Amino acid sequence: MDKKQKLSKDFYTRDVHTVAKELLGKLFTRKIGKTVISGMIVEVEAYDGSIDEASHSFGGKTNRNKVMFNEGGSLYVYFTYGMHFCANVVTGREDESKAVLIRALQPVDGIDLMTKYRYNKKEITRNEFVNLTNGPAKLCKAFKIEREQNGTDLTGGEIFILKSANINKAKIAVTTRIGIKKSVDLPWRYYIKDNPFVSKK
DNA sequence: ATCAAGATTACCT
DNA sequence: GGTAATCTTGATA
C-alpha cells in the first residue's frame with residue numbers, strides 16, 4: 001500500500017475532538033486536473049452543534065448549515081463577511097452536527113498553483129509565502145474552495161486528507177477559539193506548537 | 001421587505 | 001491597535 005493513504009470514513013465518524021487533534025500533521029489535499037495541491041494541517045478548531053453556541057448548527061438545521069448534519073466525512077464550506085469562504089471537516093454520526101474548522105496549513109505540494117489562486121501572480125515575497133495558507137479564509141482561496149465544494153465527500157477523489165504520523169501530544173497546544181463571540185471559554189482550538197504557519201498565537 | 005451579524009482579511013495610522 | 005470591505009443568511013414583520 002501507498003505510504004500516503006487517504007483517510008477513510010472510519011476516521012471521520014468518531015468524536016469531534018479526537019478527529020480535530022488527529023487531523024494535525026495530516027495532508028489536506030486537492031486534485032485539480034493533473035495537479036495536486038496539499039498542505040499539512042497545523043491549526044484546527046472544533047464546533048459542536050449540541051452544546052456550543054458558537055457553532056453554526058447550534059440553532060438547528062438550516063439551508064446554510066445542513067452539510068454539518070451529514071455523517072462524518074463531508075466538507076462543510078460556508079461564506080462569511082461578504083467575501084470569505086471557510087472549510088470544515090464534518091465528524092461523528094448523522095445529525096450530530098459537529099465539525100472541525102481547518103484554520104491553517106503549511107504549504108507542501110502545488111505551491112505554484114496555490115500562489116496563483118491566492119495572489120493571481122507568480123512571484124511572491126517571503127511574507128506573502130507565509131500568508132499563503134495561515135488562516136481559514138486564506139487557505140480556501142489558495143485551494144480554490146468555494147460554494148461548489150460545500151458537501152464534497154472527503155473519501156472521494158477531489159478533496160481528501162492523507163495519513164501521516166500522529167503529532168506527539170506534547171507538541172499540541174490547546175487554547176480557546178478565535179473570532180467568536182459566544183462560548184468563548186471553550187478550549188477547543190488545537191494547533192502545532194511553534195509551527196510558523198499557525199494563524200495566531 | 002427589511003435588517004443586523006458574521007468561525008476574516010488587508011490595509012491604515 | 002483600528003476598521004473598511006462586502007453580501008448571504010436567518011430572523012422578524
Side-chain angles (χ1 to χ4, degrees), chain A residues 12 15-17 19-21 23-24 28 39 41-70 72 74-92 96-107 114-121 123-152 154 159 161 173-192 196-201:
Chain A
Y12 299 107
D15 169 70
V16 64
H17 298 285
V19 174
K21 282 177 267 196
L23 279 173
L24 293 174
F28 187 80
I41 299 171
V42 300
E43 178 185 356
V44 298
E45 286 176 358
Y47 287 85
D48 177 345
S50 64
I51 55 171
D52 171 13
E53 288 188 77
S55 172
H56 289 165
S57 57
F58 183 71
K61 193 189 277 192
T62 66
N63 194 51
R64 181 201 198 198
N65 66 24
K66 60 188 176 191
V67 171
M68 257 188 99
F69 290 78
N70 288 355
S74 288
L75 191 71
Y76 167 48
V77 179
Y78 65 87
F79 182 66
T80 190
Y81 293 108
M83 59 186 89
H84 299 303
F85 292 97
C86 295
N88 301 251
V89 171
V90 177
T91 70
E96 284 188 348
S97 72
K98 305 184 188 191
V100 178
L101 172 69
I102 308 296
R103 284 198 57 92
L105 302 173
Q106 174 170 335
M114 281 185 219
T115 301
K116 181 172 183 295
Y117 289 146
R118 174 93 166 85
Y119 298 111
N120 199 27
K121 61 180 182 180
E123 302 295 324
I124 56 172
T125 64
R126 177 158 191 84
N127 194 49
E128 284 172 324
F129 178 70
V130 173
N131 279 285
L132 199 52
T133 54
N134 66 344
K138 297 177 190 178
L139 69 91
C140 281
K141 188 145 194 229
F143 277 64
K144 206 175 173 59
I145 290 174
E146 300 170 348
R147 235 176 286 282
E148 307 82 65
Q149 279 64 243
N150 187 31
T152 300
L154 294 171
I159 301 174
I161 301 175
V174 181
T175 71
T176 54
R177 295 172 295 179
I178 290 181
I180 53 173
K181 296 206 170 76
K182 298 169 190 164
S183 301
V184 293
D185 292 328
L186 295 173
W188 288 1
R189 174 172 176 246
Y190 308 98
Y191 64 88
I192 300 178
F197 294 92
V198 168
S199 68
K200 200 175 156 207
K201 283 272 163 134

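By convention in this document, chain letters (A, B, ...) are assigned in the order of the sequence lines, proteins followed by strands, and residues within each chain are numbered from 1. It should be emphasised that the depicted structure is a prediction, and the values quoted were computed from it without experimental measurement.
Between C/dG10, B/dT9, B/dA7, one nucleotide has an atom nearer to the side chain of A/Leu101 than all others, and that is B/dA7. Side chain of A/Ile180, nearest nucleotide from B/dA7, C/dG10, B/dT9: B/dA7. Among the nucleotides B/dT9, C/dG10, C/dT8, the one closest to any side-chain atom of A/Phe79 is C/dT8. With C/dT8, B/dA10, B/dA7 as the choices, the nucleotide that has an atom nearest any side-chain atom of A/Arg118 turns out to be B/dA10. When the nucleotides B/dA7, C/dG10, B/dT9 are ranked by their closest atom to the side chain of A/Lys138, B/dT9 comes out on top. Checked against B/dT9, B/dA7, C/dA5, the side chain of A/Pro136 finds its nearest nucleotide in B/dT9. Among C/dT8, C/dG10, B/dA7, the nucleotide with an atom closest to any side-chain atom of A/Thr62 is C/dG10.
Residues A/Tyr47 and A/Val100 fail the side-chain proximity criterion, which asks for heavy atoms closer than 4.5 Å. Counting heavy atoms from C-beta outward, A/Ser199 and A/Tyr191 have side chains that stay 4.5 Å or more apart.
Protein atom CG of A/Asn65 is 16 Å distant from nucleotide atom P of B/dG6, rounded to whole Å. C/dA11 atom C1' lies 20 Å from atom NZ of A/Lys61, rounded to whole Å. Atom pair A/Asn127:CG and B/dT9:P shows a separation of 14 Å (rounding to whole Å applied). To the nearest angstrom, P of B/dA10 lies 12 Å from CD1 of A/Ile124. Atom NZ in A/Lys181 sits about 8 Å away from atom P in B/dA7, given to the nearest Å. For A/Asn150 and C/dT9, the CG to P distance is 10 Å, given to the nearest whole Å. Whole-Å rounding puts the A/Arg189 CZ to B/dA7 C1' distance at 12 Å. Separating the CZ atom of A/Phe58 from the P atom of C/dG10 is a distance of 16 Å, rounded to the nearest angstrom.
Atom CG of A/Asn131 is separated from atom CD1 of A/Ile124 by 9.5 Å, given to the nearest 0.5 angstrom. Atoms OG1 and CG, on A/Thr175 and A/Leu186 in that order, are 11.5 Å from each other to the nearest 0.5 Å.
For C/dG1, the paired base is B/dC12 (Watson-Crick or G-U wobble, both distances below 3.5 Å). Nucleotide C/dT6 is matched to nothing when pairs are restricted to Watson-Crick or G-U wobble geometry with both distances under 3.5 angstrom.
Residue-level contact check: A/Asn88 touches the bases, meaning some heavy atom is under 4.0 Å from a base atom. Residue contacts shown for A/Arg64 are limited to sugar-phosphate atoms, with no base heavy atom under 4.0 Å away. Residue contacts shown for A/Tyr81 include a base, since a base heavy atom lies under 4.0 Å away. In this structure, A/Ala54 reaches the bases: a heavy-atom distance under 4.0 Å links it to at least one base atom across the strands shown.
Using cut-offs of 30° and 60° for the angle between ring planes, the A/Phe85 and A/Phe79 rings count as tilted. Relative ring orientation between A/Tyr76 and A/Tyr78 is described as tilted, the plane-to-plane angle lying within the 30° to 60° band.
In this structure, A/His56 reaches the B/dA7 phosphate: one of its side-chain N or O atoms is under 4.0 Å from OP1 or OP2.
Taking atom C1' in both B/dA5 and C/dT3, the straight-line distance is 16 Å, to the nearest Å.
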